[in-house]
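This one's a predicted model, so the numbers in the text were calculated from it and none came from an experiment. In this chain, residues are counted from 1 in sequence order.
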Amino acid sequence: MNAVSGRDLWVRGRQAVSTLGWFWRGVTGADAYERYVDHLQRHHPDQPVPSEKQFWRDKYAEMDRNPKARCC
């Protein structure tokens, strides 16, 4: 039986927290800007990348104009 060192536990713990953070950002949509920038750079490299602030303004304005599946 191999003994697990404190450093191994620390690394595994950090990886688990990082994975949970990645998952949570995906579920809540907090990673939408990063995904949008990645899409623009891969598929539309000639288009300017909006600031994150402008991206969220536009996104929320679009959600207000076209309320899809939301409760309120």
Side-chain angles (χ1 to χ4, degrees):
M1 185 160 126
N2 293 337
V4 179
S5 73
R7 174 145 175 80
D8 290 339
L9 288 175
W10 176 254
V11 169
R12 288 181 188 172
R14 286 185 58 195
Q15 288 172 338
V17 168
S18 176
T19 300
L20 285 173
W22 169 82
F23 176 76
W24 184 253
R25 287 178 52 79
V27 168
T28 62
D31 65 344
Y33 178 71
E34 290 87 4
R35 288 185 296 121
Y36 180 69
V37 169
D38 184 51
H39 169 81
L40 277 180
Q41 290 173 342
R42 281 187 285 122
H43 298 285
H44 310 284
D46 55 324
Q47 290 187 355
V49 176
S51 68
E52 186 171 2
K53 190 174 186 176
Q54 187 61 47
F55 168 80
W56 287 111
R57 266 193 214 127
D58 295 343
K59 184 169 181 66
Y60 290 132
E62 178 63 24
M63 288 169 61
D64 285 342
R65 282 192 300 273
N66 296 312
K68 294 177 184 167
R70 63 179 200 197
C71 66
C72 307

What pairs of residues pass the side-chain hydrogen bond (donor to acceptor under 3.5 Å, both in side chains) test when at least one of them lies in residues 9-19, not counting sequence neighbours?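 Listed once each, the pairs would be none.
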Partners of [X] by side chain to side chain donor-acceptor pair (under 3.5 Å), sequence neighbours excluded?
| X | answer |
| --- | --- |
| Arg65 | Glu62 |
| Gln54 | Arg57, Asp58 |
| Arg35 | Asp31 |
| Ser5 | Asp8 |

Would you give the length of the straight line joining atom OH of Tyr33 to atom NZ of Lys53, rounded to the nearest 0.5 angstrom?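 Reported to 0.5 Å precision, the distance equals 13.0 Å.
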For His39, what residues pass the ring pair (Phe, Tyr, Trp, His ring centres under 6.0 Å) criterion, not counting sequence neighbours?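 If we apply the ring pair (Phe, Tyr, Trp, His ring centres under 6.0 Å) test to His39, skipping adjacent residues, the hits are His43, His44.
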Does Tyr36 have any ring pair (Phe, Tyr, Trp, His ring centres under 6.0 Å) partners at least two apart in sequence or in another chain, and if so, which?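 Here the qualifying residues are Phe55.
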Would you mind listing every salt bridge (Lys or Arg N to Asp or Glu O under 4.0 Å) that reaches into residues 36-49, with sequence neighbours excluded?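 Applying salt bridge (Lys or Arg N to Asp or Glu O under 4.0 Å) to every pair that reaches into residues 36-49, excluding sequence neighbours, yields Asp38-Arg42.
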With a 4.5 Å heavy-atom cut-off, do Leu40 and Pro50 have their side chains touching?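 Heavy-atom side-chain distance check passes, below 4.5 Å.
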Are Leu9 and Leu20 connected into the same hydrophobic cluster when the rule is that any two of I, L, V, M, F, W, Y join if their side-chain heavy atoms are below 4.5 Å apart?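 No, Leu20 and Leu9 fall in different hydrophobic clusters.
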Excluding sequence neighbours, so at least two apart, what forms salt bridge (charged side-chain N to carboxylate O under 4.0 Å, His left out) with Glu52?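 Testing Glu52 for salt bridge (charged side-chain N to carboxylate O under 4.0 Å, His left out), a comparison that skips the adjacent residues, returns none.
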